[in-house]
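To find a chain, count down the sequence lines: A is the first, B the second, and so on, and within it residues start at 1.
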Number of protein chains: 2
Amino acid sequence: MKQVTKHVIRNDLKRLFTYRLCLIGFKRKGFDRIYSYNLGEEAGVTAEQVRKDFSVFKIKGNKKSGYKINDLLHAINEIFKYQHNQHVIVVGMGNIGKALVQYKRFILRKMVIVASFDIDPSKQSKRFGIPVMPMEMMGEIIKKFHVKVAILAVPDISAQDTANILVDQGITGILNFAPVILKVPDDIIVSNINLCDELESVIYYTQKVM
Amino acid sequence: MKQVTKHVIRNDLKRLFTYRLCLIGFKRKGFDRIYSYNLGEEAGVTAEQVRKDFSVFKIKGNKKSGYKINDLLHAINEIFKYQHNQHVIVVGMGNIGKALVQYKRFILRKMVIVASFDIDPSKQSKRFGIPVMPMEMMGEIIKKFHVKVAILAVPDISAQDTANILVDQGITGILNFAPVILKVPDDIIVSNINLCDELESVIYYTQKVM
DNA sequence: AATTTATTGTGAAACAAGTCACAAAACATG
DNA sequence: CATGTTTTGTGACTTGTTTCACAATAAATT
Ligand SMILES: NC(=O)c1ccc[n+]([C@@H]2O[C@H](COP(=O)([O-])OP(=O)(O)OC[C@H]3O[C@@H](n4cnc5c(N)ncnc54)[C@H](O)[C@@H]3O)[C@@H](O)[C@H]2O)c1
Ligand SMILES: NC(=O)c1ccc[n+]([C@@H]2O[C@H](COP(=O)([O-])OP(=O)(O)OC[C@H]3O[C@@H](n4cnc5c(N)ncnc54)[C@H](O)[C@@H]3O)[C@@H](O)[C@H]2O)c1
């Protein structure tokens with residue numbers, strides 16, 4: 001048992017997501033082809049970085065006339081293709097859990113929240129488009145939908161216990177909103193979202209002259 | 001006008017936040033002093049990394065008997081001290097905005113959401129502990145509370161326009177939840193939270209063998 | 001068809017981050 | 001109080017990432 005803190009989202013992957021976002025924007029504006037410096041400008045990185053990233057992922061452009069936006073989008077989607085229509089569960093249907101299950105964009109990105117869980121029976125009666133179930137049903141749902149990834153949105157104090165349950169039930173990836181460093185086996189992926197840290201660093205940088 | 005995408009939260013700062021979190025945990029468990037390898041183990045980094053980080057921030061320990069937890073916490077807090085009781089606003093009181101204004105931990109970390117804003121008059125009547133105001137009142141509130149940082153939680157389509165308003169009104173730091181690369185002047189800090197990207201990378205890594 | 005121009009693709013160079021290795025200091029022990 | 005043990009603090013080294021520089025080449029122009 002050892003926690004995984006090593007930043008789970010590699011920088012080049014993160015940039016790939018950013019490129020996709022920008023490309024969709026360019027496409028919407030009517031563009032068809034794009035140069036590395038356009039995309040770099042938009043994504044906030046250098047043109048060389050863009051080309052190098054594409055090079056790493058074996059994405060090819062056309063000398064002199066740049067990249068076809070559709071090809072790029074297709075190539076980027078191909079990198080993530082196998083994971084389309086992944087089923088995800090949410091544990092803890094409080095403020096943040098409720099917001100997440102109602103977030104439409106997950107569906108656009110082919111990530112489907114199939115069920116949510118809460119220990120509080122009063123939450124179980126309410127519905128937000130998807131069922132809110134008692135914890136005991138988790139095993140069944142995980143099996144039925146082949147769920148591998150869970151969003152953890154329970155109070156900090158319960159986060160470790162709940163993570164243990166998730167791992168026992170066969171979950172291998174956790175998007176964790178609790179400000180807690182989870183102890184999980186080496187082969188479990190944990191990505192921590194710590195909004196306090198994020199807000200505090202924005203404040204930090206607004207105060208510092210850089 | 002150029003957007004800031006360079007990851008706003010430096011890795012060593014991020015680790016400092018993690019150390020703080022772990023130290024609070026150790027303290028709660030009754031520990032008084034700690035060695036770099038204990039803290040590293042807990043935070044998921046090497047002991048050398050811990051010492052190097054402290055060294056960079058001029059935090060000193062005691063050879064042979066390690067670091068006093070209270071001293072460490074004090075030193076880390078000192079680094080962020082000047083920003084205590086920073087006032088923050090939230091723009092867009094939908095699902096995610098509502099969750100955030102009710103998040104207790106911001107207060108624990110001395111970050112105070114003083115007001116929120118929404119164009120929808122029906123949202124303006126509701127209260128979640130703090131007032132939900134029409135956009136026109138933003139200038140007044142920013143001045144009154146010397147607000148520098150805003151949390152942006154409006155729909156993607158309105159994000160750029162709203163960011164422009166924020167910058168015009170004197171905001172210099174934005175925590176942006178919309179999946180949009182904001183174009184802002186160079187001296188404005190933007191930190192993007194993209195939950196789709198985060199979830200998609202967790203899925204990516206659970207599928208890849210590493 | 002030759003020449004010019006613009007852009008990709010990628011090794012090499014520069015830079016940044018992380019790890020190693022060990023001297024220096026603090027404490028414990030006999 | 002000398003000796004042994006442990007842990008810090010940091011300079012040197014290693015590894016990883018980004019930028020630079022330019023050859024290769026596709027398209028445009030003459
Ligand atoms: N609200 C926010 O904006 C926000 C922001 C960032 C992080 N977080 C973190 O996300 C987590 C949830 O925050 P929240 O504001 O939604 O809290 P909340 O109190 O509103 O919701 C927590 C939910 O978890 C359920 N729960 C409690 N123990 C459980 C258990 N053992 N198993 C299953 N369900 C359980 C509760 O019934 C409740 O519905 C916390 O760790 C918090 O620190 C919240
Ligand atoms: N819901 C989530 O879990 C979630 C997760 C990640 C990111 N996001 C992002 O956060 C943003 C908000 O998401 P949401 O789910 O809360 O949406 P929502 O539709 O529930 O809320 C948006 C709110 O913004 C208000 N608004 C619209 N235009 C505005 C404007 N020009 N100025 C001020 N207020 C305006 C609306 O009245 C509404 O109250 C979106 O960009 C979304 O992509 C949401």
Side-chain angles (χ1 to χ4, degrees), chain A residues 2-19 22-23 26 31-76 79 201 210, chain B residues 2-19 22-23 26 31-76 79 201 210:
Chain A
K2 202 202 150 208
Q3 79 283 3
V4 178
T5 309
K6 52 195 172 227
H7 64 306
V8 144
I9 172 164
R10 247 167 48 205
N11 277 344
D12 53 352
L13 272 200
K14 203 169 212 160
R15 285 197 301 268
L16 231 43
F17 287 128
T18 307
Y19 299 151
C22 296
L23 288 166
F26 277 114
F31 289 94
D32 195 55
R33 315 186 127 273
I34 198 159
Y35 301 125
S36 57
Y37 59 87
N38 303 130
L39 187 51
E41 168 90 21
E42 189 72 11
V45 301
T46 64
E48 295 81 5
Q49 182 76 78
V50 171
R51 297 203 299 277
K52 197 86 188 201
D53 285 336
F54 288 166
S55 164
V56 165
F57 288 101
K58 306 264 175 283
I59 299 175
K60 302 273 172 196
N62 181 303
K63 303 202 187 208
K64 180 83 192 208
S65 64
Y67 303 86
K68 266 197 199 147
I69 290 178
N70 278 336
D71 288 0
L72 285 179
L73 284 171
H74 186 262
I76 292 173
I79 293 168
S201 12
M210 273 167 300
Chain B
K2 203 204 149 207
Q3 79 282 4
V4 178
T5 309
K6 51 193 174 231
H7 66 305
V8 143
I9 171 165
R10 247 167 47 205
N11 276 345
D12 52 353
L13 272 198
K14 203 169 213 161
R15 286 197 301 268
L16 232 43
F17 287 128
T18 307
Y19 298 153
C22 296
L23 288 167
F26 277 115
F31 289 93
D32 193 56
R33 316 187 126 272
I34 199 163
Y35 301 124
S36 57
Y37 60 87
N38 302 132
L39 187 51
E41 168 91 23
E42 188 72 12
V45 301
T46 63
E48 295 80 7
Q49 183 74 79
V50 171
R51 296 203 299 275
K52 197 90 190 208
D53 285 334
F54 288 166
S55 165
V56 164
F57 289 100
K58 307 265 175 282
I59 299 174
K60 302 273 171 194
N62 182 305
K63 306 205 184 201
K64 180 82 193 216
S65 63
Y67 303 86
K68 265 196 200 153
I69 290 178
N70 278 337
D71 287 359
L72 285 180
L73 283 171
H74 185 263
I76 293 173
I79 292 168
S201 9
M210 276 167 299

S.K.: What residues form a side chain to side chain contact (heavy atoms under 4.5 Å, CB included) with A:Phe31, not counting sequence neighbours?
M.R.: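 Once residues adjacent in sequence are excluded, the partners of A:Phe31 under the side chain to side chain contact (heavy atoms under 4.5 Å, CB included) criterion are A:Phe26, A:Lys29, A:Ile69.
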S.K.: Checking side-chain contact (heavy atoms from CB on, under 4.5 Å) for the pair A:Asn70/A:His74: CA distance, chi angles, key distance, verdict?
M.R.: CA-CA 6 Å; A:Asn70 278 336; A:His74 186 262; over 6 Å; no
S.K.: Reading nucleotides 4-14 of chain D from the 5' end, what letters show protein touch, with B for base, S for backbone sugar-phosphate only, - for no heavy atom under 4.0 Å?
M.R.: -BBBBBBBB--
S.K.: List the steps and the verdict of side-chain contact (heavy atoms from CB on, under 4.5 Å) for B:Arg51 and B:Tyr67.
M.R.: CA-CA 10 Å; B:Arg51 296 203 299 275; B:Tyr67 303 86; 3.7 Å; yes
S.K.: Report for the helix from C:dA1-D:dT30 to C:dG30-D:dC1: angle between first-end and last-end helix axes, five pairs each, rounded to 10 degrees.
M.R.: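 Between the axes fitted at each end of the helix from C:dA1-D:dT30 to C:dG30-D:dC1 lies an angle of 0°.
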S.K.: Please enumerate all residues that pass ring-ring contact (aromatic ring centres under 6.0 Å, His included) together with A:Phe57, with sequence neighbours excluded.
M.R.: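 Partners of A:Phe57 under the ring-ring contact (aromatic ring centres under 6.0 Å, His included) test: none.
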S.K.: Would you indicate, yes or no, if D:dT17 has its OP1 or OP2 atom less than 4.0 angstrom from a side-chain nitrogen or oxygen of A:Gln49?
M.R.: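 It does not, given that no N or O in the side chain of A:Gln49 lies less than 4.0 Å from OP1 or OP2 of D:dT17.
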S.K.: What's the CG-P distance between A:Asp53 and D:dT17, to the nearest Å?
M.R.: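 Distance check: A:Asp53 CG to D:dT17 P gives 11 Å.
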S.K.: Please name the pair of heavy atoms, one in A:Ser36 and one in A:Val50, separated by the smallest distance, quoted to 0.1 Å.
M.R.: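 A:Ser36 and A:Val50 have their closest heavy atoms at O-CG2, 3.8 Å.
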S.K.: Going by side chain to side chain contact (heavy atoms under 4.5 Å, CB included), name the residues that satisfy it together with A:Lys63, two or more places apart in sequence or in a different chain.
M.R.: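 Residues passing side chain to side chain contact (heavy atoms under 4.5 Å, CB included) with A:Lys63: none at all.
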S.K.: Quick one: A:Lys14 NZ to D:dT17 C1', roughly how many Å, whole number?
M.R.: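 The answer, rounded to whole Å, is 15 Å.
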S.K.: Checking B:Ser65 now: which residues fulfil side chain to side chain donor-acceptor pair (under 3.5 Å) with it, not counting sequence neighbours?
M.R.: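 Result, side chain to side chain donor-acceptor pair (under 3.5 Å) vs B:Ser65: B:Asn62.
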S.K.: For B:Phe17, check side chain to side chain contact (heavy atoms under 4.5 Å, CB included) against everything at least two apart and list the hits.
M.R.: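 With sequence neighbours excluded, B:Phe17 shows a side chain to side chain contact (heavy atoms under 4.5 Å, CB included) to A:Asp197, A:Glu200, A:Ser201, B:Ile9, B:Arg20, B:Phe80, B:Arg109, given in chain and number order.
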S.K.: At the 4.0 Å heavy-atom cut-off to chain B, mark where contacts on DNA chain C begin and end, going 5' to 3'.
M.R.: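 So the outermost contacting nucleotides come out as C:dG18 to C:dC27.
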S.K.: Tell me every residue that passes side chain to side chain donor-acceptor pair (under 3.5 Å) with B:Tyr19, counting only those two or more places apart in sequence or in another chain.
M.R.: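 Side chain to side chain donor-acceptor pair (under 3.5 Å) list for B:Tyr19, sorted by chain: B:Asp53.
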S.K.: So A:Arg33, base contact, sugar-phosphate only, or nothing? Heavy-atom distance under 4.0 Å.
M.R.: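 Here A:Arg33 touches no strand at all.
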S.K.: Using the test side chain to side chain contact (heavy atoms under 4.5 Å, CB included), find all partners of A:Lys68 that sit at least two apart in sequence or belong to another chain.
M.R.: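 Checked A:Lys68 against side chain to side chain contact (heavy atoms under 4.5 Å, CB included); matches are A:Arg33, A:Asp71.
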